[in-house]
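A short worksheet on the structure shown next.
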Amino acid sequence: MLVAVLGLSVAAALASACSSPQEAANEPVGDGAPIKVGLVYSQTGPLAGYGKQYIEGWKAGLAFATKGTGKVGNRPVEVKEADDAGDAAKAVSAGKDLIGQGYKILAGSTSSAVATQMAPLAAQNKVLFISGPAATDAVTGINKYTFRSGRQSYQDVLAAKSYLPAPSGKKVLVFTQEGAFGKSNADAVKAVIGGAGATVDTLAVPANATDFTGFAVQAKNAKADMIFVAWAGTTATAMWQALDQQGVLGSALVVTGIDQRASWPTFGAAGGKISLLAHYFDGASDNQATAALRQGVSGGKIDLFNPDGFTAAQMVVRAAQEGGDDVDKMVTALEGYSFDGVKGKLTVRKEDHALLQPMFQGKFSGSGTDLKPDLIKALDPADATPPVAQMKG
């Protein structure tokens with residue numbers, strides 16, 4: 001249930017279905033020649049669920065952006081998929097293979113660890129790279145060839161801050177797990193909410209803990225104005241139950257990020273007592289792009305990272321329309337590009353390629369398998385805008 005979603009073998013078909021680099025180099029370019037797009041993402045591995053949402057969104061977004069033709073002008077969009085399984089080395093190997101075959105556009109990166117390795121590869125080879133669900137702030141401004149189709153962690157924390165409109169003098173407790181995951185979330189809260197005047201403390205629970213009663217008591221005794229919960233893993237249900245039983249959810253504003261649908265039942269009976277910040281959930285927006293996405297996903301139910309794939313397709317079509325086969329022109333075409341996406345109005349910030357976008361507040365209703373988030377407020381992109389990062393390369 002986390003706030004900073006951490007983003008992860010090349011498919012056998014990749015090797016068997018591709019032309020050689022020499023053949024790729026001899027293929028005609030221009031009118032009628034395919035626009036080659038390589039999608040390197042998690043088809044398997046720990047983030048395979050996110051990857052499935054991404055590719056569903058991509059297909060729906062490509063149909064939407066090309067008005068069902070699958071073409072940009074007279075040029076078909078030729079997509080080749082590769083599985084990185086959440087392994088940065090496999091992703092880079094797949095990326096090199098695709099670049100060798102003449103692919104000038106790469107997208108995907110479910111995992112943050114993968115994205116930060118794919119970005120330098122794109123810069124070295126001067127190809128366009130559009131990262132996917134990977135949330136790490138490090139992707140923003142990493143180099144001129146790298147963009148993102150999802151949100152970044154800083155935007156998550158700004159969404160949490162929206163629950164505390166006047167942070168100065170308030171007390172915030174970060175309730176999380178020991179380790180890198182917990183520390184990254186605590187550091188972000190200290191930078192964003194603490195930087196606005198709040199006092200931020202951290203209660204770090206051992207990662208192997210199974211009894212959370214004592215930690216829940218500590219959380220209640222902290223008498224915080226806001227408790228920011230950043231949690232990942234199979235102990236979430238027990239953790240939320242302990243916070244509920246010890247009266248924590250009734251004594252303070254408790255805020256956490258909403259993950260994919262499969263995780264919702266882990267909130268249990270505590271679900272309706274928690275304030276949610278969200279990158280996206282089904283029902284958070286209602287526009288043409290949302291309708292198109294809903295038609296293209298499993299069961300007509302939009303999940304957390306479907307919009308990231310959809311947005312990536314919109315960006316690729318824009319780049320190809322304006323840039324042709326010239327990658328530098330593709331980059332220029334995306335810088336400052338503002339368009340209507342699933343979440344609403346999206347803008348690629350020219351200075352560092354951050355994707356400015358709405359974020360959402362929500363609240364659960366129902367219970368058990370019927371638990372679902374309802375929209376409380378859509379945050380304007382201006383209220384969820386990360387600071388400008390210096391472009392590194």
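It should be emphasised that the depicted structure is a prediction, and the values quoted were computed from it without experimental measurement.
With values rounded to the nearest 0.5 angstrom, D211 atom CG is found 11.5 Å from T235 atom OG1.
Using modelled atom types and a 3.5 Å distance limit, the side chains of T347 and S338 yield a donor-acceptor pair. Judged by distance alone, the side chains of E81 and Y41 do bring a donor and an acceptor atom under 3.5 Å apart. A side-chain donor from one of D83 and T44 sits under 3.5 Å from a side-chain acceptor of the other. If you check the side chains of T290 and S285, you find a donor sitting under 3.5 Å from an acceptor.
Ion pairing between R75 and D325 holds under the 4.0 Å rule for side-chain N and carboxylate O.
Shown here are the side chain to side chain donor-acceptor pair (under 3.5 Å) partners of T69, two or more places apart in sequence or in another chain: there are none. Checked against side chain to side chain donor-acceptor pair (under 3.5 Å), K126 has no partners two or more places apart in sequence or in another chain. Take S298 and apply the side-chain contact (heavy atoms from CB on, under 4.5 Å) test, not counting sequence neighbours, and it matches K52, E56. With sequence neighbours left out, the side-chain contact (heavy atoms from CB on, under 4.5 Å) criterion links A319 to L128, M330, L334. Residues forming a side chain to side chain donor-acceptor pair (under 3.5 Å) with T146 (at least two apart in sequence, or on another chain): N143. Applying the side-chain contact (heavy atoms from CB on, under 4.5 Å) rule to A252 yields the partners I227; only residues at least two apart in sequence or on another chain are considered.
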### Intermediate values then yes/no, ring pair (Phe, Tyr, Trp, His ring centres under 6.0 Å), F305 and Y50
CA-CA 6 Å; F305 290 122; Y50 295 163; 4.7 Å; yes
### Task
Would you please test K144 and D328 for salt bridge (charged side-chain N to carboxylate O under 4.0 Å, His left out) and show each step?
CA-CA 9 Å; K144 66 173 283 191; D328 285 329; 3.3 Å; yes
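Among pairs with a residue in residues 186-224, those fulfilling ring pair (Phe, Tyr, Trp, His ring centres under 6.0 Å) read F212-W231, at least two apart in sequence or across chains. For residues 136-158, the set of pairs meeting the ring pair (Phe, Tyr, Trp, His ring centres under 6.0 Å) definition, not counting sequence neighbours, comprises F147-H353. Among residue pairs with one or both ends in residues 291-308, those qualifying as salt bridge (Lys or Arg N to Asp or Glu O under 4.0 Å) are D282-R294; sequence neighbours excluded.
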Would you mind writing out the side-chain donor-acceptor pairs for residues 169-182 within the sub-3.5 Å range, not counting sequence neighbours?
from	atom 1	to	atom 2	distance (Å)
K171	NZ	A222	O	2.9
T176	OG1	A230	O	2.8
Q177	OE1	A232	N	3.0
Q177	NE2	A232	O	2.8

Output a table of donor-acceptor pairs, distance under 3.5 Å, between side-chain atoms of residues 357-366 and any protein atom two or more places apart or on a different chain; print 'none' if there are none.
from	atom 1	to	atom 2	distance (Å)
Q357	OE1	K343	NZ	2.8
Q357	NE2	G150	O	3.2
Q357	NE2	L355	O	2.9
Q361	NE2	S162	OG	2.8
S365	OG	D374	OD2	2.7

Show me, pair by pair, the donor-acceptor contacts under 3.5 angstrom made by side chains of residues 378-393, not counting sequence neighbours?
from	atom 1	to	atom 2	distance (Å)
D380	OD1	A382	N	2.9
T385	OG1	P381	O	2.5

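In terms of heavy atoms, G257 sits closest to F267 at O-CZ, 4.5 Å. Contact detail for L356 and Q155: the closest heavy-atom pair is CA-NE2, 4.2 Å. Scanning all heavy atoms of the two residues, the minimum distance from A135 to S112 falls at N-OG, 3.3 Å. In terms of heavy-atom proximity, D84 sits nearest to A91 at CB-CB, 3.6 Å. Between Q314 and F339, the shortest heavy-atom contact is OE1-CE1, 3.5 Å.
Few gaps surround NZ on K190; more than 12 heavy atoms of other groups in view lie less than 6.0 Å from it. Within a 6.0 Å radius of NZ in K350, no more than 12 heavy atoms belonging to other residues, nucleotides or ligands are found.
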